[in-house]
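Read through the structure below, which is laid out as structure tokens, and then see the notes.
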Amino acid sequence: MDRRNGDASSTVKEIIRFENVTRRYGEGGHILYALDSVNFSINTGEFVVILGPSGAGKSTLLNLLGGMDAATSGAILVDGKDIAGLPDDKLTEYRAAQVGFIFQFYNLIPTLTALENIALTKKLVKQPMDAHEALDMVGLADHADQFPAQLSGGEQQRVSIARAVAKNPDMLLCDEPTGALDSETGLAILEMLQRMSRERGKTVIIVSHNAALAEAADRVIRIRSGRITGIAENPAPKPVSEVGW
Amino acid sequence: MLTLKMIRDMARNKMQFVSIFLMAFIALFIYAGVGGDWRGLKHNSDSFYRETNLADVWLYNDGFTDAAALAIESLEGVSSVERRLELTVTADNSGSSTLTLYFVEKGAISKPYLMEGEPFDPEDKDGVWLDKRFADANGLTPGDTIGASLSGYSMSKTIRGLIYSPEHVYEAGGDAMTPDFAMYGHAYLSRKAFPLPFLFRYSAMLIETESAVGADFEERVADALRGADSSYTVYLEQANHPSVSIFENETQQHKMIGDLFPVVFLAIALLTILTTMTRIVASQRTQIGVLKALGFTKSAITRHYTAYGFFLALAGAALGAALGPLALPSLFFPSLSSFYTLPEWETAWSVAYAWAAAGVAVMCAAVTWLAVHRLLAGAPAETMRPKPPSAFRHNPLERTKLWRRLGFNAQWNIRDAPRNPVRSAMAVVGVFGCAALVVCALSMNDSMLWMRVWQYETINRYAAKLAISANASTAEIDGAVSEVNGEAVMEASVEIRANGVRKSGALLVTDGVTLIQPTDVNMKPSAFPDGAASITLKMAQSLEVRQGDTVQWRVYGEDEWLELTIGGIHREPVSQGLTMPRAYFESLGLEYRPTAILTPEVPPALPDGVDFATLTSDSAADWDDLTEAMRLTIYLLIIAAAILSIVVLYNLGLMSFTEMERGLATLKVLGFKSGALRGLLLTQNLWFSAVGFALGVPGGLWLTRTIVALSGETFDFPVSIRPLTLLAALMFTFGLSLSVNMMFSRKTRRINMVESLKAME
């Protein structure tokens, strides 16, 4: 399947739909709307970039989608099922089975080696990717026995991607995955994420404040002060390497 | 994989986890150790009493007939009776040892317990079964003969066996508080071995009852005897038997230590475990968030963290529970066995140890659960963010003028301490526990030293007390008194009753005595009231009477109860009862007969009419022996207190250092010298130590009072602590606190400013 050839509507399947999703913090006089009546949808296998300045609500959106936070109102449909109202244990199952997270600060378990961090997924899903294979996939086969503290930021992030992918989730949610990396390393990470979408059919959603990334995305969602300011589909996304980084 | 994470986390925080292990170990070691000790005492004595069928009640009279025995045996609730003749004789072995002889009817109640030789034979006319400790002290073995003179008739018997008697677990002959096994002993013989059959009569009746003796039993016994034309002069229940009750008091005292101290240790251990686990879990806040984000269930995460404390605490507690009962009793029993005679000295095991060990592990898991539970309640997105700094409020002190004059050091610490209330509270509790244990131990030691001075230097102004022979003539007594330049006194055992309470005590009748210095309720030298009876403070308290009140009393063995008005109250440490002048005693129609002569100096030889002498210096030495077991407890407490406080303080220090590291690093970047930073840490530590110590002193004295309250009715044990001792306790506590602090002070020099101030993660 190659969406870049244009007419793919017959094979396109919607995976995510936000309907009037609001996330409100505080009470009384100090109410803050992190998200305010947000509506959008995303199709399976898309490489999506959510753009917006700091404090726009990007991370909140990602956290809600990942079942890490609860919406104040609205529906979040994933594969047609509303996860906004799920109880805690169902959310945990959802996270384990369908979501792979990649964080700005990698969030690896410091006391486990690279390989062990990936092997953690064996506890979560029935048929995870082999940990060695996953590590090989991100080009770190030689670093299996190293602890996070012994790896560079880029390497840590690659382990984090391997860990997310090893679970075999439907979507990868990436919160500023290159935010703590230099541009060269960042580029490599983004290429890797794009490959996950193109080659493995994962729905990859990246939160970023780097507008240049828009050219590489299938779909760009712009957000400001908790509201969607624009949704654009990109009929001809460029490879990440060709984007003016 | 999570197990691997757990093991590595533990290795990273090894000091904290080692401390959890140690705290659980020490708490259970002490709990099960002291438990093994007092349970062992109880178990060993109970089984000894059971095996030898110790009498439930003793009756004394000058002769119990067959009819009297039958009357008692047919009483409801009585399973059997046995009579015997009790005689005190002087053995002819080496010098003038005193032997109590039991010529027994059957040897079925209060049976001799065979240690060596042939089993007791109630038909044997020529054999004697001798107290093993007396035999050992006098070099006697089975097959030897031993003689004694008895109402002018000398008899000689062959030692068939060496035995222990359940009625002589505690044996104190004469005035000594500690047993003198060479001088005092006992022996069992068949009644058929009595050399003068025509003079034989049963002076004691031993009763075995089916169950515990009821309140009306004494009355029923009296009625039954009356029906058989008999009576008794002394009625003694098992619990009041001197040997039984003294040993029971000892056991109770150990039990008290066993109940009290482990609670202190357990409480401190659990608090430490709680603080440690809360901190560890809090430090893993973001990791918990990550695990949650990855899709780990709450229960999987909870299990993971709960396992940290649980298995370590369980291992420590189990090891403590296993080693304690082996180690501690073997420390206590040797000194106890020099006072008390039991065939077995074995530690006792109880399922309570296992429960306590499990309890510590479960509590540890529970506190971890609580800590994790709190973090898990938040949404993963929230948990993954570092904890927002706790809200900061200015304290009222900051608005005063004093604040500006306090200096940076004090200001920093006044702000820092309330921001970490748990850590601050734990530091105070840790020092408090240490100080309380040390103060308790030292005050116990001081109190015992004080009692020694009080009794043997203040009150006893005589150098020796000579025991007058029972058959000495008045002329002999007078001659002896003038020969040693002494003062005669009469001592007896009495029963006193008032307000429905009946107590046994000692009676001292004085005849112008100057060698006994009475002390008032404040333990200051005073005088006995003129022409009136004086009662000891503790006895007055037991009977709930005051000066001017009336009590009833009688000399042991007399039928008639007399009345007297209390003319004064005095205080004595080791003996409770009545003191009265000879004239008052005689005015009641009683016959004054001196039993002892007090001498200002140790006489070179014993005058005629005197059996033996008890030296005050020996008694004081006895007191030291008696308190030996207590001293062991004291050393143990001090060691335990030291370990406890080092573990608690080090652990807390580590946590507070980690918490303050960023702040300290910032100060260092700003240009503060290491010495100044050390000062910051030290100040807080000293404050907490001061508060902990101030609370620990009353806490420790309370502990001592609670233990001392169980030292038995004959002891009046005022709890005291000398200023110098208090200073020693202060130095000990602060010394520990400071030396633990020093370990962290070194760390301030090594603070890596770059590392400490790196961005989050």
Side-chain angles (χ1 to χ4, degrees), chain A residues 23 25 34 59-71 87-113 115-125 128 131 147-149 153 156 160 163-164 166-167 169 173 175 180, chain B residues 1-14 16-17 280-281 283-305 307-308 372-388 391 658 752 754-756 758-761:
Chain A
R23 177 65 171 103
Y25 291 104
S59 296
T60 306
L61 194 152
L62 208 63
N63 286 339
L64 290 175
L65 180 55
M68 301 233 296
D69 199 357
D88 215 32
D89 53 337
K90 292 289 172 200
L91 273 182
T92 305
E93 279 173 24
Y94 160 72
R95 275 201 304 273
Q98 288 182 268
V99 183
F101 266 106
I102 294 154
F103 304 99
Q104 181 178 3
F105 292 108
Y106 338 123
N107 281 334
L108 299 175
I109 303 292
T111 45
L112 297 181
T113 62
L115 187 73
E116 290 161 356
N117 260 289
I118 298 167
L120 260 185
T121 52
K122 278 193 279 191
K123 291 249 177 191
L124 297 168
V125 288
F147 285 98
Q156 288 191 52
S160 151
R163 181 176 68 181
K167 282 205 297 182
L173 307 185
D175 192 355
Chain B
M1 215 44 66
L2 284 181
T3 314
L4 210 59
K5 170 178 176 306
M6 176 174 85
I7 292 168
R8 297 220 182 103
D9 279 341
M10 286 183 173
R12 272 193 171 189
N13 299 296
K14 54 182 164 304
Q16 271 134 327
F17 284 105
I280 287 170
V281 169
S283 76
Q284 297 230 337
R285 183 189 164 94
T286 47
Q287 290 192 43
I288 290 174
V290 173
L291 291 176
K292 240 180 131 177
L294 282 173
F296 278 94
T297 58
K298 275 187 183 180
S299 63
I301 299 173
T302 312
R303 265 201 312 278
H304 169 63
Y305 283 99
Y308 280 50
V372 181
H373 191 70
R374 264 209 315 262
L375 283 179
L376 284 176
E382 188 189 318
T383 314
M384 270 175 51
R385 282 194 293 271
K387 194 185 175 200
T658 316
N752 183 330
V754 180
E755 280 295 311
S756 305
K758 250 194 348 199
M760 60 182 285
E761 256 294 304

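The chains referred to below are lettered A, B, ... by the order of the sequence lines, with proteins before strands, and numbering in each begins at 1.
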Contact check, side chains of T92(A) and K298(B), non-hydrogen atoms, under 4.5 Å: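 When only atoms from C-beta onward are counted, K298(B) and T92(A) do not touch, as no gap falls below 4.5 Å.
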Nearest heavy-atom neighbours spanning [X] and [Y]:
| X | Y | result |
| --- | --- | --- |
| R95(A) | K292(B) | NE-O, 2.5 Å |
| F103(A) | A293(B) | CZ-CB, 3.8 Å |
| R8(B) | T113(A) | NH1-N, 3.9 Å |

query: With a 4.5 angstrom heavy-atom cut-off, which part of S160(A) approaches chain B: side chain, backbone, both or neither?
result: neither
- prompt: Got a second to check how far L124(A)'s CG is from F296(B)'s CZ, nearest 0.5 Å?
  reply: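 Atom-to-atom, L124(A):CG and F296(B):CZ are 4.0 Å apart.
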message: I'd like to verify something: which residue of I109(A), T121(A), D69(A), N63(A) has the highest number of heavy-atom pairs under 4.5 Å with chain B?
response: I109(A)
- request: In sequence, state the C-alpha distance, the side-chain angles, and the governing distance for L120(A) and L291(B), and then conclude on side chain to side chain contact (heavy atoms under 4.5 Å, CB included).
  value: CA-CA 9 Å; L120(A) 260 185; L291(B) 291 176; 4.3 Å; yes
query: Just wondering, are more than 12 heavy atoms of other shown residues or ligands nearer than 6.0 Å to NZ in K122(A)?
result: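 No - once you tally the heavy atoms of other residues, nucleotides and ligands closer than 6.0 Å, there are 12 at most.
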message: Quick check on I7(B) against chain A: is it the side chain, the backbone, both or neither that has a heavy atom closer than 4.5 Å?
response: neither
field: Worked check of side chain to side chain contact (heavy atoms under 4.5 Å, CB included) between R163(A) and V290(B)
entry: CA-CA 12 Å; R163(A) 181 176 68 181; V290(B) 173; 3.8 Å; yes
- prompt: Under 3.5 Å, side chain of K167(A) to main-chain N/O of L294(B), donor-acceptor pair present?
  reply: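 Checking the backbone N and O of L294(B) against the side chain of K167(A), a donor-acceptor pair under 3.5 Å is found.
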